[in-house]
K.L.:
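One structure, pasted below without further comment.
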Amino acid sequence: MALVEEGLTEVFRSRDPIERLKICVTLQEVTAGPSVDVDVDGDGVGDGDPSTALIATVAETVTIGWQEKLFSAPEIERYRDLDRCVTEEEKEYHQLVVKQLARNPRGSRLYTYVDEDDYSTLHEVRLPPTVDGVCSTSVLAEKMTSVRKRKGYHAVPAHVGPHPHTNDVVIAKPTHRDQAKRLVDTPFQVMYIVADLSPPRTAADATATTDSEQHVLCTVRVDENGVITMSPTFNGPRPRYRINHKGTVWEYELSHASVPITEKEAAAEAAVLQEMYQRHADLCANKVGRQFHSLPDTLAHDTVYHLFGEIVSAQAFEYDNLYVRLQVDLPSGWVLDTASAKAFVTQISQTSSTGDLEDTAHFSYPFEAAIRRDGQLEHEILDPDEVQPSISPKLLLQVNSLDLFERHRPEGYGYLPIPLHPGLHDEVVETWRPVGDHVVGKMRRFFLGGAPELQDATYAAIPHDHHDIVMSKQGFRTEAAGSVRVRVNVVKQRHPDTAAADERLQQKKLHKPQHAKLSTISHSTLDIVAAFKRAHSKMQQSQV
């Protein structure tokens, strides 16, 4: 499917192997009639009416595959003699030349330059940096021509003649061209389809073809992502391309000649892809596992809570450059997993204002922890809503700021009871900070950076040694600070046998007998009536 079409250049994307690409090229010399408007500006495209009269000669048609090497007349004369071929690449070219001459002894005007040829690199070097071709090449452009090099090109320059080999293995003074050969390849390849538009010559003059007599009919570039850039593209419904070379008009056509895949091959390819995807899925399953690891029998009565949390942001604090200290606080009977960290510290974040969020420091700091509760405790947690604050696990938060002189100030303290309900919990923790008794403390905080801090971080919530539900902090001077947003995902894991027993117990609580419910309601009603009678009698006595 075509992605981009601009002028005569078209970009395709294909998942098939590029070796399946076939391009059919038809070249024909024509003689223009008196009303034919040919390509006078030499850009390769005629501006005349394609319906005008033309006198055509016999067309030459060649089907070319990707990176298929077709030799020109000078190359045939160069490689047809085995005595002139020394390197392995030249010997391979000699065999290809012999095969090409066996197929077509008279030769062809159409030939190709593949990615390994010297032309592929020199053609890019000769390209002007601008479209008009007036500007000269800068030093940066010359350096970038070497960076864009794709693969090691042909080591034989075209101007050295038929015997280019030397005995120097080590180049004492390497040129810029020699250094370009050792650069890292960039992930694309290119191929050129070229036509020799020179008049017919004898075999002795076959090597006299100049660059002005060869014309690039098509350039195909393929990168490692399967993106194919073709310039010019296939004709399709368009008229043939025209070339005006020294008063002679040539027309050529590019068509797609790739063999379509058969139904049998398509089914085989789909089966291979399905097998590959299945193997990849099995590999991932073997690494990760297909199920959760069950708790051992020694922890049959324990409950494990897996916390996957994130400190999202902090808002409305007094100073900038904030960071948050997070600590997992566990009461007696709770154990932190050995692979989990007990404390976390976020990065330093500057505050910003966007929309409704003013003076907000964004952290997006993830943390993970796994806590385990002993099932043999006297406080059996069957309903997480009934847990007392003093015996519940908490996340203690401390927000600090860092100024230009690297002074740390406590900006706020807060805590979040760890949710014991499985699922996603998005909470906003309001914080406070201690203040001094006099204005001296505020001045010290402003000029020196010192401020009152909590000696025990658990005092931000209810310490574990305090067993009452309410803790009195009368006399402790504080002021409100900003808020911290925390997002926690909770996964609850229990032993299969214990989980089944708890589920049956919960079902019994939810489905109490009807007479028990009525008895409870009747007792509540009698208590209310008795309290009303006592209040009514006290009111009458007071009136007397």
Side-chain angles (χ1 to χ4, degrees), residues 306-329 336 339-371 393-419 423-461 473 476-490:
H306 299 273
L307 309 178
F308 304 93
E310 176 189 3
I311 301 177
V312 181
S313 60
Q315 185 181 7
F317 285 92
E318 183 177 359
Y319 286 91
D320 199 352
N321 296 328
L322 304 176
Y323 66 95
V324 180
R325 294 179 179 270
L326 176 67
Q327 180 180 350
V328 181
D329 183 34
L336 183 67
S340 302
K342 189 175 183 180
F344 307 90
V345 181
T346 67
Q347 74 277 12
I348 298 176
S349 176
Q350 294 183 350
T351 59
S352 61
S353 299
T354 55
D356 298 336
L357 301 178
E358 297 182 357
D359 297 333
T360 303
H362 299 275
F363 300 104
S364 299
Y365 181 84
F367 64 90
E368 295 181 12
I371 57 177
K394 309 176 188 65
L395 297 177
L396 303 179
L397 301 174
Q398 178 182 353
V399 183
N400 293 345
S401 64
L402 180 66
D403 61 6
L404 182 62
F405 302 100
E406 296 186 357
R407 296 177 300 187
H408 298 263
R409 295 185 180 90
E411 297 294 334
Y413 294 89
Y415 77 96
L416 173 66
I418 295 179
L424 173 62
H425 304 270
D426 198 339
E427 304 291 343
V428 176
V429 181
E430 301 294 340
T431 62
W432 52 267
R433 65 178 182 87
V435 296
D437 297 335
H438 304 285
V439 72
V440 179
K442 296 183 179 180
M443 296 178 63
R444 183 184 296 110
R445 170 180 169 84
F446 180 80
F447 291 103
L448 302 180
E453 299 184 29
L454 293 181
Q455 186 176 3
D456 184 8
T458 60
Y459 194 75
K473 297 183 180 181
F476 184 58
R477 296 176 59 87
T478 63
E479 68 177 9
S483 60
V484 180
R485 182 183 176 188
V486 181
R487 185 183 294 120
V488 183
N489 289 275
V490 181

K.L.:
With sequence neighbours left out, write down each residue that passes ring-ring contact (aromatic ring centres under 6.0 Å, His included) with Phe344, or none if nothing qualifies.
P.N.:
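Here the qualifying residues are Phe367.
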K.L.:
Which heavy-atom pair separates Ala461 from Leu396 by the least distance, and what is that distance?
P.N.:
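Of all heavy-atom pairs spanning Ala461 and Leu396, the closest is CB-CD2, 4.3 Å.
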K.L.:
Not counting sequence neighbours, which residues clear side-chain hydrogen bond (donor to acceptor under 3.5 Å, both in side chains) with Asn400? List them please.
P.N.:
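Only Tyr323, Gln398 meet the side-chain hydrogen bond (donor to acceptor under 3.5 Å, both in side chains) criterion with Asn400.
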K.L.:
Considering residues at least two apart in sequence or located in another chain, which fulfil the side chain to side chain contact (heavy atoms under 4.5 Å, CB included) criterion with Arg477?
P.N.:
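For Arg477, the residues satisfying side chain to side chain contact (heavy atoms under 4.5 Å, CB included) (neighbours in sequence not counted) are Val435, Asp437.
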K.L.:
Side chains of Leu397 and Leu326: does their closest heavy-atom pair fall under 4.5 Å?
P.N.:
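Yes. Closest side-chain heavy atoms under 4.5 Å.
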K.L.:
Please report the closest heavy-atom contact between Pro452 and Pro410, naming both atoms and the distance.
P.N.:
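Smallest interatomic distance, heavy atoms only, reads O-CG, 3.7 Å.
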K.L.:
Check the pair Leu395 / Asp329 against side-chain contact (heavy atoms from CB on, under 4.5 Å), numbers first and verdict last.
P.N.:
CA-CA 6 Å; Leu395 297 177; Asp329 183 34; over 6 Å; no
K.L.:
Would you indicate whether the side-chain heavy atoms of Ile311 and Val484 approach each other to under 4.5 Å?
P.N.:
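Side-chain contact under 4.5 Å: yes.
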K.L.:
Considering residues at least two apart in sequence or located in another chain, which fulfil the salt bridge (Lys or Arg N to Asp or Glu O under 4.0 Å) criterion with Glu479?
P.N.:
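Partners of Glu479 by the salt bridge (Lys or Arg N to Asp or Glu O under 4.0 Å) criterion, ordered by chain and then number, come out as Arg433.
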K.L.:
Which heavy-atom pair separates Ala481 from Gly412 by the least distance, and what is that distance?
P.N.:
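Closest heavy-atom pair between Ala481 and Gly412: CB-CA, 4.2 Å.
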K.L.:
Among all residues two or more places apart in sequence or in another chain, which pass the side chain to side chain contact (heavy atoms under 4.5 Å, CB included) test with Leu357?
P.N.:
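Side chain to side chain contact (heavy atoms under 4.5 Å, CB included) check on Leu357 returns Gln315, Thr354, Thr360, His362.
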K.L.:
Could you work out, with side-chain hydrogen bond (donor to acceptor under 3.5 Å, both in side chains) as the rule, every residue matching Arg407, not counting sequence neighbours?
P.N.:
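By the side-chain hydrogen bond (donor to acceptor under 3.5 Å, both in side chains) rule, Arg407 matches Asp403.
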K.L.:
Taking side chain to side chain contact (heavy atoms under 4.5 Å, CB included) as the definition, give me every residue that meets it alongside Glu411, ordered by chain and number, with sequence neighbours left out.
P.N.:
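Result, side chain to side chain contact (heavy atoms under 4.5 Å, CB included) vs Glu411: Phe317, Glu318, Tyr319, Leu322, Val399, Ser401, Arg409, Arg445.
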K.L.:
Looking at Thr431 and Gly482, what are the two nearest heavy atoms and their distance?
P.N.:
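Reported closest heavy-atom pair: OG1-O, 2.6 Å.
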K.L.:
Out of curiosity, Leu336 CG to Ile371 CD1, how far, rounded to the nearest 0.5 Å?
P.N.:
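Separation between the atoms: 8.0 Å.
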K.L.:
Quick one: side chain to side chain donor-acceptor pair (under 3.5 Å) pairs with a partner in residues 341-352, sequence neighbours left out?
P.N.:
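Output for this query lists Asp320-Thr351.
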K.L.:
Can you name the nearest heavy-atom pair linking Ser483 to Glu430, along with the distance?
P.N.:
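Looks like CB-OE1, 3.6 Å.
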K.L.:
Phe476: which residues meet the ring-ring contact (aromatic ring centres under 6.0 Å, His included) condition with it, sequence neighbours left out?
P.N.:
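Checked Phe476 against ring-ring contact (aromatic ring centres under 6.0 Å, His included); matches are Trp432, Tyr459.
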K.L.:
Got a sec, which residues hit side-chain hydrogen bond (donor to acceptor under 3.5 Å, both in side chains) with Ser313, two or more places apart in sequence or on another chain?
P.N.:
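With neighbours one apart ignored, the set is empty.
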K.L.:
Suppose we screen for ring-ring contact (aromatic ring centres under 6.0 Å, His included). Which residues come up paired with His425, at least two apart in sequence or across chains?
P.N.:
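ring-ring contact (aromatic ring centres under 6.0 Å, His included) check on His425 returns nothing, list empty.
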K.L.:
Report the residues that fulfil side chain to side chain contact (heavy atoms under 4.5 Å, CB included) with Val312, sequence neighbours left out, ordered by chain and then residue number.
P.N.:
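Partners of Val312 by the side chain to side chain contact (heavy atoms under 4.5 Å, CB included) criterion, ordered by chain and then number, come out as Glu310, Arg485, Arg487.
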